[in-house]
Protein chains: 2
Amino acid sequence: MNERSGTGSRPPSIMEVAKQAKVSHQTVSRVINGFPGVRPETREHVLKAIDKLGYRRNSAARTLVTQRSGLIGVITVGSFLFGPTSTLVAIEEAARRHGYMVLLSTLREGDDVDLTKAVNDALGQGVEALVIIASRESLVRRTAELRTGVPLLVVGPSPVDVRDLATLSVDQDAGARTAIDYLVGLGHRSIVLLTGPQDWTDAQLRLAAAREECERHGLAYRVYDGDWTAASGYAAAGRLVEERWATAGGLVPTALFSANDHMALGVLAGLNAAGVAVPAEVSVIGFDNIAGSDYFSPALTTIEQDFTALGHRVLLASLAMLAGDPPDLTPVPATLLVRDSTGPRAESTSSSS
Amino acid sequence: MNERSGTGSRPPSIMEVAKQAKVSHQTVSRVINGFPGVRPETREHVLKAIDKLGYRRNSAARTLVTQRSGLIGVITVGSFLFGPTSTLVAIEEAARRHGYMVLLSTLREGDDVDLTKAVNDALGQGVEALVIIASRESLVRRTAELRTGVPLLVVGPSPVDVRDLATLSVDQDAGARTAIDYLVGLGHRSIVLLTGPQDWTDAQLRLAAAREECERHGLAYRVYDGDWTAASGYAAAGRLVEERWATAGGLVPTALFSANDHMALGVLAGLNAAGVAVPAEVSVIGFDNIAGSDYFSPALTTIEQDFTALGHRVLLASLAMLAGDPPDLTPVPATLLVRDSTGPRAESTSSSS
DNA sequence: TTCACATATGTGAGCGTTAACATGCGATTC
DNA sequence: GAATCGCATGTTAACGCTCACATATGTGAA
């Protein structure tokens with residue numbers, strides 16, 4: 001039924017459909033947009049003409065007059081790691097469900113120039129709202145300075161000193177606290193906090209919360225710097241082993257909280273290489289629940305973030321802002337996943353000084 | 001310098017810039033598009049007016065008249081696994097470098113209806129070219145039936161019986177052969193091929209190539225079914241252990257080729273649980289080089305796919321098709337990454353029947 | 001019948017931009 | 001000094017759609 005002109009000419013317009021269906025272009029428009037007040041018979045004719053001509057609405061023309069592009073710009077900056085990517089996919093899915101499409105920009109590094117350009121490009125394409133998945137503190141700050149003219153939502157924790165910036169994220173704070181509490185419940189009194197790069201807000205928040213929670217419980221703890229990679233986790237394991245040698249009595253670290261799963265993987269490899277048993281001698285807990293973490297050796301206890309929920313919430317919030325309503329910005333919960341890499345503190349450990 | 005009207009009215013148009021700069025709108029257009037024949041002084045005025053008004057080109061209007069949206073539709077279907085995601089990011093990056101933006105659609109499952117809808121939506125937004133990252137055989141077939149009216153490129157191996165479909169991919173064939181050859185070089189004569197789901201073209205191709213290569217070398221081999229997950233790799237390890245018990249002499253499998261790294265991770269975990277030493281008793285080789293595979297226990301020997309190169313090539317090919325030139329569709333190479341999970345066949349193994 | 005009134009359809013303008021062509025003007029040529 | 005050229009700029013008409021309004025047609029009340 002569907003025939004298309006093979007020439008390089010323009011695709012059929014609403015006018016040609018109108019002619020074909022012997023109605024006015026406006027009636028065609030009404031049919032396309034499902035407006036009421038069109039006789040079923042007329043509608044039928046129009047639909048047939050549309051099918052015959054292979055007509056497809058030109059959204060450029062529509063956007064030009066309505067100011068509505070049906071586009072949401074999503075800018076992910078700095079990484080294609082697990083979290084950002086999962087969030088992106090979830091946002092896209094939610095967007096499509098709500099009749100929007102996603103215009104994507106991925107920036108490798110937190111380059112200000114690139115960010116500004118990406119924002120401008122997206123705005124130039126007429127996006128109705130802008131979502132920035134920014135993991136770095138500095139980036140979020142830049143973002144706050146941007147005057148975009150459309151609703152702007154940042155996925156990632158908000159710096160406390162930046163006001164008037166809509167941010168939405170997984171509850172890093174609660175997640176980190178849950179992890180520490182769980183370790184405390186297992187009897188651990190001295191633990192290592194392996195943190196991510198400090199210019200990542202997620203890393204900051206996880207560390208700050210874990211630290212506070214340690215202090216609240218009166219734990220002995222020390223902080224190791226990591227950079228999200230398994231390699232840095234491996235190095236941390238080496239340091240931990242040394243520390244266990246050098247430390248006396250009840251202060252020997254018996255557990256490690258890694259700010260992400262990749263580093264935890266490195267930690268497991270490092271401990272294994274050093275002959276330290278997990279969880280018998282040291283418990284390890286991660287953060288993210290990346291694919292495969294249930295098959296690490298041993299299976300990794302970790303904090304799972306519900307990125308699908310996050311993505312949906314991001315879209316809902318954008319839509320709310322678009323409608324002029326206050327968005328729901330409460331953080332998305334993170335939940336504990338207990339597996340094999342954590343266990344009760346071994347009594348022998350405290351006596352091995 | 002930049003002031004913006006706070007009202008909800010329309011943003012400034014080229015006309016207002018023209019009035020502000022006391023030139024015609026066409027001159028403004030010339031400045032915006034960098035056309036020659038504008039006096040530097042005039043250009044200066046226009047630029048100043050643009051800055052003052054906070055003018056930004058309305059791409060809907062531009063698209064309407066030029067038929068060029070600057071948009072490339074990318075549809076990823078069925079997974080957010082390592083490969084597809086990496087490819088997407090690389091495409092986006094290449095696109096931006098060439099002045100295009102990416103309109104994203106992610107489909108969870110290979111639902112035909114969704115695919116058609118996604119294609120139509122993208123076309124409706126005026127994409128100039130369409131890239132479909134399809135991992136499933138059936139999907140690629142559907143794709144071939146789509147008449148889009150714009151250049152269409154499929155990322156993923158092409159079914160041999162489907163003609164006239166531009167496809168581009170990593171050289172799965174060469175990658176799998178490299179892996180087998182490497183094992184052969186280490187002296188292995190009996191190996192297990194752990195394959196992915198057979199409706200994934202990648203899985204098919206990797207298996208077919210590995211199989212052929214095994215036969216070419218006169219190896220004993222058997223095929224285990226997997227589903228890309230670490231869990232299925234774990235199960236495969238169990239089966240392998242049984243097989244080693246039951247098999248006699250030189251036919252005891254001493255190596256396993258896993259069609260992806262996640263499954264290889266599961267295999268490592270399974271072998272470890274069964275007390276089988278890697279690589280002393282069994283060598284394991286993966287495919288993908290996912291993040292962290294260098295910190296598996298032991299570090300995984302694998303085949304690395306250069307997705308960045310693939311993404312760039314995809315864009316180049318799209319551009320070529322757009323220009324009416326024949327695209328370069330030769331596969332992107334895959335390279336061997338030797339790490340610790342593979343080693344020479346242990347002599348003891350063949351005598352342990 | 002005549003008016004009002006709803007319901008179905010048509011008409012014209014305008015959205016912001018570019019493409020094609022038209023104009024103005026100083027410099028060059030004969 | 002007129003004709004010619006080249007450069008810088010202006011004018012007009014699309015592009016395909018939606019909006020606001022105008023016009024037919026049918027229906028019931030006065």
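Excluded from the calculations below are hydrogen atoms, water molecules and symmetry mates; all remaining heavy atoms, backbone and side chain alike, are included. Numbers restart at 1 for each chain; the letters A, B, ... are given by sequence-line order, proteins then strands.
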Set out, line by line, the N/O atom pairs under 3.5 Å between protein and nucleotides 21-25 of chain C.
none

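Proximity of a side-chain donor or acceptor of Gln125(A) to a complementary backbone N or O of Leu71(A) within less than 3.5 Å is not detected. Between the side chain of Glu92(B) and the main chain of Thr106(A), a donor-acceptor pair closer than 3.5 Å is present. Listed for the Thr167(B) side chain is no donor-acceptor partner under 3.5 Å among the backbone atoms of Val154(B). Counting only distance, with no hydrogens or angles, the side chain of Thr42(A) and the backbone of Val38(A) share no donor-acceptor pair below 3.5 Å. Judged by distance alone, with hydrogens and angles left aside, the side-chain atoms of Thr87(A) form no donor-acceptor pair with the main-chain N or O of Phe307(A) at under 3.5 Å. For the pair Ser318(B) (side chain) and Val314(B) (backbone), a donor-acceptor distance under 3.5 Å is present.
The distance between atom CD1 of Ile14(B) and atom C1' of dC15(C), rounded to the nearest whole Å, is 13 Å. The NE2 atom of His25(B) sits 14 Å away from the C1' atom of dC15(C) (whole-angstrom rounding). At whole-Å resolution of the value, CZ in Arg39(B) and P in dG26(C) are 11 Å apart. Remark: C1' of dT17(C) and CD of Gln67(B) are 13 Å apart, rounded to the nearest angstrom. The nearest whole Å value for the distance from the CD1 atom in Ile32(B) to the P atom in dG16(C) is 13 Å. To the nearest angstrom, C1' of dC15(C) lies 4 Å from CG of Leu64(A). As a whole-Å value, the separation of Met15(A) CE from dA13(C) P is 13 Å.
In terms of phosphate contacts, Arg10(B) brings a side-chain nitrogen or oxygen within less than 4.0 Å of OP1 or OP2 of dG16(C). Using a 4.0 Å cut-off, no side-chain N or O of Thr66(B) falls inside it from OP1 or OP2 of dT18(C). Note on Asn58(B): every side-chain N or O is 4.0 Å or more away from OP1 and OP2 of dC15(C).
On the nucleic acid side, DNA chain D contacts chain B at distances under 4.0 Å to non-hydrogen atoms, with the end points of that region at dA8(D) to dG16(D).
Inspection of the Asn33(A) and Arg62(A) side chains reveals an N or O donor paired with an N or O acceptor under 3.5 Å. Remark: the Thr330(A) side chain and the Arg313(A) side chain contain an N/O donor-acceptor pair separated by less than 3.5 Å. Counting only N and O atoms by type, the side chains of Arg10(A) and Asn58(A) include no donor and acceptor under 3.5 Å apart. In this structure, a donor-acceptor pair under 3.5 Å is absent between the side chains of Arg43(B) and Thr27(B). Counted by atom type alone, Glu128(B) and Tyr100(B) present one or more donor-acceptor pairs between their side chains at under 3.5 Å.
Two residues, Thr42(B) and Asn33(A), neighbour DNA chain D, and the one matched to the more 5' nucleotide by heavy-atom proximity is Thr42(B).
Axis angle, first five pairs versus last five pairs of the helix from dT1(C)-dA30(D) to dC30(C)-dG1(D): 60°, rounded to 10°.
Within 4.0 Å (heavy atoms only), Thr63(A) reaches no atom of the nucleic acid at all. Ser59(A) comes within 4.0 angstrom of no nucleic acid atom, judged by non-hydrogen atoms across all strands.
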Q: List the steps, then state whether salt bridge (Lys or Arg N to Asp or Glu O under 4.0 Å) holds for Lys48(A) with Glu44(A).
A: CA-CA 6 Å; Lys48(A) 205 165 289 177; Glu44(A) 207 47 53; 5.3 Å; no
